[in-house]
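Here's the structure, in structure tokens; my notes come after.
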Protein chains: 2
Amino acid sequence: MKNRMTIGRLAETAGVGVETVRFYQRAGLLAEPKRPVSGYREYGEADTRRIHFIKRAQTLGFSLEDIAGLLQLDGPHSCSVAHDLALEKLHIVEDKIRSLESIRDALWQMVRQCELKHRRGTCPIIQSLAHRDSSVSR
Amino acid sequence: MKNRMTIGRLAETAGVGVETVRFYQRAGLLAEPKRPVSGYREYGEADTRRIHFIKRAQTLGFSLEDIAGLLQLDGPHSCSVAHDLALEKLHIVEDKIRSLESIRDALWQMVRQCELKHRRGTCPIIQSLAHRDSSVSR
DNA sequence: GTAATCTCCGTACATAGGTACGGAGTCAAG
DNA sequence: CTTGACTCCGTACCTATGTACGGAGATTAC
């Protein structure tokens, strides 16, 4: 039993769209599959697993380009390359968290000021965005 | 002395590109300016200030659409509208921080495992991405 | 007057990751 | 055989926020 699938079955099994499968092939993430006389692509379980790999890596913030690199790793230096990439992503994520925390703090201060002062007829949020030397600046 | 500026001077003063100014006008964020016989747009200091408002709001995560709404606020209900929008952005940012923290944790665990185990010839990062029931799953 | 720079406008392009479409061919079930 | 579903492929489209281009007109400085 060969378990060969056409593209629709693969897409359904892997939880993506047909167009996504074609897109991944064009992008080099999936190999050009074997094709019978019909011209229909023929996939196996390894392709399902490969798409799952892609999707898992995406949830961790790896771009498709990153993922293409990870998928190519196979050799004695694989782990150090993957390690370095993951470390780089880790730093990017940490930077992004810090940036968002700064934004969160500024927004929080704006919201609080609005709640304290909104009786005065001037909006502290609009004021702080309108002027450079606002009390919100840190 | 009128202090009128053509588009290049406005762009330079406001710290954006000429194309950006034209884009903001098309997007409705800047008003159609007065034009002499030359057909050249004529700007004043208020336009500089308006662009600064836009840029400040952008750094806080407001989209151009959000900002267009903020720029229109002028009236007794302005502050509550701005407050609600800022509160909404605050929640979005907090959600995003939590999501990134989860990603950070997963990446950190991967990196650590790689550093502990990379002598064995199999890469824990690749392994964890390749299989559903990995030790990295939380 | 000349040359360089600026401006205009409509259109196209970039990014990353998809998604949709239309015409034609293939497959499977009744 | 017919019909409906699936597939193919090349092209176009979406999102949000810009950026670039090319031909033509206007301005500025020497």
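We name chains A, B, ... by the order of the sequence lines, and we start the count at 1 in each one.
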Out of D:dC21, C:dC8, C:dG18, minimum distance to the side chain of B:Glu19 belongs to D:dC21
Looking only at heavy atoms, the pair that brings B:Val18 and B:Gly8 closest together is CG2-CA, 4.0 Å
When rounded to whole Å, the CD to C1' distance for the pair B:Glu12 and C:dT5 reads 14 Å
Separation of D:dA20 atom C1' from B:Phe23 atom CZ, nearest Å, is 14 Å
Assign each of A:Tyr40 and A:Thr20 the nucleotide of DNA chain C bearing its closest heavy atom; nearer the 5' end lies the nucleotide of A:Thr20
Whole-Å distance, A:Ile54 CD1 to C:dA16 C1', equals 15 Å
Practice task
Give a yes/no on whether any side-chain N or O of B:Arg41 is located under 4.0 angstrom from OP1 or OP2 of C:dT7.
Solution key: no
Give a yes or no on whether B:Leu29 and A:Ile126 share a hydrophobic cluster (residues Ile, Leu, Val, Met, Phe, Trp, Tyr; joining criterion: side-chain heavy atoms under 4.5 Å apart). yes
request  = Answer yes or no: does a side-chain N or O of B:Lys55 lie under 4.0 Å from OP1 or OP2 of D:dT17?
outcome  = no
message = Is it the case that the side chain of A:Arg9 and the backbone of A:Arg4 share a donor-acceptor pair, with hydrogens and angles ignored and the cut-off at 3.5 Å?
response = no
**Item:** side-chain N/O B:Gln58 vs D:dG18 OP1/OP2, d < 4.0 Å
**Value:** yes
Exercise. Examine distances only and state if a side-chain atom of B:Asp47 and a backbone atom of B:Gly44 form a donor-acceptor pair shorter than 3.5 Å.
Key: yes
In whole angstroms, the gap separating C1' of D:dA16 from CG of B:Leu29 amounts to 12 Å
Hey, does B:Arg26 reach any base, or is it just sugar-phosphate, or nothing, if we go heavy atoms under 4.0 Å? base
B:Leu30 atom CG is separated from D:dG18 atom P, nearest whole Å, by 12 Å
| said: What verdict does the salt bridge (Lys or Arg N to Asp or Glu O under 4.0 Å) test give for A:Arg22 and A:Glu19, after you've listed the backbone C-alpha separation in whole Å, the side-chain angles of each residue and the deciding distance to 0.1 Å? | reply: CA-CA 5 Å; A:Arg22 292 201 189 100; A:Glu19 299 290 347; 3.6 Å; yes
Quiz prompt | Below 4.0 Å: OP1/OP2 of D:dT17 and any side-chain N or O of B:Tyr24 | solution = no
Rounded to whole Å, the CG-P distance (B:Leu10 to C:dT7) equals 10 Å
Checklist entry - Would you say a side-chain N or O of B:Arg35 is under 4.0 Å from OP1 or OP2 of C:dC9? => result yes
Separation of D:dA26 atom P from B:Ile7 atom CD1, nearest Å, is 17 Å
Residues A:Leu107 and B:Leu60: closest non-hydrogen pair is CD1-O, 3.9 Å
Between A:Lys89 and the options A:Asp84, A:Asp66, A:Asp95, the salt bridge (Lys or Arg N to Asp or Glu O under 4.0 Å) test singles out A:Asp66
Exercise. Counting any heavy atom closer than 4.0 Å, what does A:Arg22 reach on the DNA or RNA strands: base, sugar-phosphate only, or nothing?
Worked result: base
Separation of C:dC27 atom C1' from A:Arg9 atom CZ, nearest Å, is 15 Å
Note: contacts of residues 60-69 of chain A with DNA chain C (heavy atom, under 4.0 Å) are A:Ser63, A:Leu64
